[in-house]
Amino acid sequence: MFIEQRITRAIVAGIKDLYGADVAESQVQLQKTKKEFKGHLTVVVFPFLKASRKGPEQTAQEIGDYLRQNEPAIAEFNVIKGFLNLTIASAPWIELLNEINRQANYGLIAPTEASPLVMIEYSSPNTNKPLHLGHVRNNLLGYSLAKILEANGNKIVKTNIVNDRGIHICKSMLAWQKWGDGVTPEKAGKKGDHLIGDFYVLFSNKLKEETAALEAKGMTKEEAEAASPLMNEAREMLRKWEAGDEEVRALWRTMNSWVYAGFDETYRTLGVDFDKIYYESETYLEGKKKVLEGLEKGIFYRRDDGSVWADLTKEGLDEKLLLRSDGTSVYMTQDIGTAKLRFDDYPIDKMIYVVGNEQNYHFQVLSILLDKLGFAFGKGLIHFSYGMVELPEGKMKSREGTVVDADDLMEEMINTARDIANELGKGSEMTPDEVERIARVVGLGSLKYFILKVDPRKNMTFNPKESIDFNGNTGSFIQYTYARVRSVLRKAAEQGIALPDALPTHVQISEKEEHLIQAVADFAAIVREAGRLYSPACVANYVYDLVKEYNQFYHDFSILRETDADLRLFRLTLSANVAKVVKNGMALLGIDVPERM
């Protein structure tokens, strides 16, 4: 922010003139003045006591006097112990607003050809079930993180790894073979991912019945599952798949194609996408090759039973299985193969995996193994570890069919937004199509915001009713404020009022208006902070604080009815830039904002 740069330089000059000492600009600590004190910016004077050889209050007073006399941007100051609180004059704030107004993408840094390439993996669904609420959090975090890192000047590749092989896939396939009676998504009138998910639940229920009968005969739970004819059929199907049996592979391709069509529909509704999708059925063989290369080089070792392991005890970890004794791979092997293919495809500078915190150990090991195998991004691999999302009723379980389906959840949010709009009479002046479009924007925006405003590292409870409240820290409240600003600007245009490219700086503005400009200007620093912390919550909560501040301004000041023409233009320009920052901030969260509500 240029005001801070200007004051920093003046302080450096002041220390030189007052005390004959040279200080670096990095030693000047400026922060926003706390609300309980008067001022805009606070200078921490303790770093300058060595130069002044005086107490903190006297030093602060002398620096304040110097700035008041030599820097026109300073209107007044006050000293609280070792802190110098500065009040900035109106003109610099208007100059700052003019600077922000000139930049359509204020606060966002565009990538260049020389920018680092960051690859972000998110979603990672299984093809035996539809996406659920946990996937929603994963997708929203991954997509928003991609937008935020791109706004920090990075080139981005958004990628997905689909878990399309393994025993869980065979369970759905076997259930369809046994009890599906040739049903297809078209015949069932269902999305393909939902249809396959039903068969996964059906398999689990049939298996429960079978193992319960075996347990009743005296077997333990583990013995019953090992002896289960149904489970053995699923294992046999997996063996045939791995051996390349064409009949099994053909069924697998058909059922997966149903699932992919369903996933694509869900992703479109959720508003997320990918630049490249990888499939475990293609990566696990590459992983086996890399592990065998590592074995030849002495990085890994083989046990007597033929299994291949990595000894990580020197790194303070344990030994990690990479290939089973029968030569089949484990998840770690597949992740190594996926990394190899990605590194072949892209010159990756940084690799970020968006995966829940239950996989913390897995990614700690993966980072070490990739580094040992010579992948440049291995050591710096980042596991974006996020907390679980639950409902007020508790945890969800896929195999029991108790998960909250992503499609159902999104439909419920859109319906709720439509119902609220009808209750409030919001759609009376709109066409049915516009009402429907706004219901989608508000419903999905409320869902996304409620999830993204929470620190990603924390577990969270999703409450659909709370998320769409038009008051409080919600997406719909922010969207409503944006629509309010756009309404004011439309009315100004209808009255023939055109916003100037630059405002005159002689206008005297209030302290509240100065603080609102300061809040708008903070957007650039917030985007940097969100990129540094990998936290969409930084952006979400900033935007909420900004619209709260704007609503107080809107309540306290006239805009269109202001009789002073210059002041009216100032307030309209300030409103327009609040709207711009809100729109750009919400876009970093993957959230649209409606022009009217």
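Heads up: numbering here begins at 1 and tracks the sequence.
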Taking the basic N atoms (NZ, or NE/NH1/NH2) and the acidic carboxylate oxygens, is any pair closer than 4.0 Å for Lys512 and Glu549? no
Separation between OG (Ser467) and NZ (Lys453), nearest 0.5 Å, reads 8.5 Å
Answer yes or no: is there a donor N or O on one side and an acceptor on the other, between the side chain of Asp349 and the main chain of Val118, under 3.5 Å? no
Listed once per pair and sorted, the side chain to side chain donor-acceptor pair (under 3.5 Å) pairs that draw on residues 486-496, sequence neighbours left out: Arg486-Glu595
Got a donor-acceptor contact below 3.5 angstrom from the Arg528 side chain to the Gly107 backbone? yes
Is a side-chain donor-acceptor pair under 3.5 Å present for Ser476 with Gln479? no
Taking Lys580's backbone N and O only, do any of them form a donor-acceptor pair with Tyr106's side chain (distance below 3.5 Å, no angle check)? no
Side chains of Thr573 and Asn101: do they bring a donor and an acceptor to under 3.5 Å? no
Are Lys158 and Glu121 ion-paired here, with the side-chain N under 4.0 Å from a carboxylate O? no
Between Glu95 and Arg6 (salt bridge meaning N to carboxylate O under 4.0 Å), is one present in this structure? yes
For a quick test of your reading: what N or O donor-acceptor pairs under 3.5 Å do the side chains of residues 499-507 make, sequence neighbours left out?
from, atom 1, to, atom 2, distance (Å)
His506, NE2, Asp566, OD2, 3.2

Let's go through Val43 and Phe48 carefully: what are the C-alpha distance in whole Å and the side-chain angles of both, what is the deciding distance for side-chain contact (heavy atoms from CB on, under 4.5 Å) to 0.1 Å, and is it a yes or a no? CA-CA 11 Å; Val43 185; Phe48 312 131; 4.3 Å; yes
Would you say Glu514 and His40 are linked by a side-chain donor-acceptor pair, where the criterion is simply a distance under 3.5 Å? yes
Nearest non-hydrogen partners of Gly82 and Phe46, listed with the distance: CA-CZ, 3.7 Å
Quick check: does any side chain N or O of Ser385 sit under 3.5 Å from a backbone N or O of Gly356, one acting as donor and the other as acceptor? no
I need the minimum non-hydrogen distance between Ile352 and Leu145, along with the two atoms involved. CG2-CD2, 4.0 Å
Side chains of Asn473 and Tyr449, donor plus acceptor under 3.5 Å: yes
Would you confirm whether Asp455, through its side chain, and Ala537, through its main-chain N or O, come within 3.5 Å as a donor-acceptor pair? no
Keeping the roles fixed (side chain from Thr159, backbone from Lys276), state whether a donor-acceptor pair exists under 3.5 Å. yes
By ring-ring contact (aromatic ring centres under 6.0 Å, His included), Phe274 pairs with (sequence neighbours left out) Tyr122, Tyr267
Check whether any side-chain N or O of Thr59 sits under 3.5 Å from a backbone N or O of Gly55 as a donor-acceptor pair, and report yes or no. yes
One thing to verify: whether Lys155 and Glu150 come together as a salt bridge, which I'm taking to mean a side-chain N less than 4.0 angstrom from a carboxylate O. no
With a 4.5 Å limit on heavy-atom distance, are the side chains of Met119 and Ile156 in contact? no
Interatomic spacing from CD1 in Ile7 to CD1 in Ile88 - rounded to 0.5 Å: 3.5 Å
Report the C-alpha distance between Met410 and Thr266 in whole Å, list the side-chain angles of each, state the deciding distance to 0.1 Å, and finish with yes or no for side-chain contact (heavy atoms from CB on, under 4.5 Å). CA-CA 9 Å; Met410 289 189 287; Thr266 304; 3.8 Å; yes
Verdict with supporting geometry, Met586 and Val543, side-chain contact (heavy atoms from CB on, under 4.5 Å): CA-CA 8 Å; Met586 293 292 265; Val543 174; 4.2 Å; yes
Does one side chain, of Ser124 or Asn160, offer a donor that lies under 3.5 Å from an acceptor on the other? no
What about the rings of Phe377 and Phe343, do their centers lie closer together than 6.0 Å? yes
Less than 3.5 Å apart, any donor N or O on the side chain of Tyr386 or Asn138 sitting next to an acceptor on the other? yes
CG/Leu133 to CD1/Ile451 distance, rounded to the nearest 0.5 angstrom? 5.5 Å
Pair Ser115-Thr112, side-chain donor/acceptor within less than 3.5 Å: yes
Any luck finding a side-chain donor-acceptor pair between Asn551 and Lys548 under 3.5 Å? no
Sidechain-backbone polar pair: Ser575 side chain, Arg571 backbone, donor-acceptor under 3.5 Å: yes
Atom CD1 of Ile497 and atom CG of Leu572: how far apart are they, to the nearest 0.5 Å? 6.0 Å
Residue Lys350 excluded, over 12 heavy atoms near NZ under 6.0 Å: no
Identify whether the distance between the nearest side-chain nitrogen and carboxylate oxygen of Glu57 and Lys81 falls below 4.0 Å. no
Test: Lys583 and Asp592 ion pair at under 4.0 Å: no
Distance-only, no hydrogens or angles: does the Lys448 side chain make a donor-acceptor pair with backbone N or O of Gly590 under 3.5 Å? yes
For Leu149, is there any backbone N or O sitting under 3.5 Å from a side-chain donor or acceptor partner on Asn154? yes
Can the ring centroids of Phe477 and Tyr480 be said to lie less than 6.0 angstrom from one another? no
From Thr87 OG1 over to Phe37 CZ, what is the distance, rounded to the nearest 0.5 angstrom? 13.0 Å
Could you tell me which non-hydrogen atom of Met430 sits nearest to which non-hydrogen atom of Val435, and how far apart they are? CB-CG2, 3.8 Å
Residues Tyr19 and Glu62: side-chain donor-acceptor under 3.5 angstrom: yes
Met597 and Tyr482: CA distance, side-chain angles, deciding distance, side-chain contact (heavy atoms from CB on, under 4.5 Å) verdict: CA-CA 9 Å; Met597 282 173 71; Tyr482 176 83; over 6 Å; no
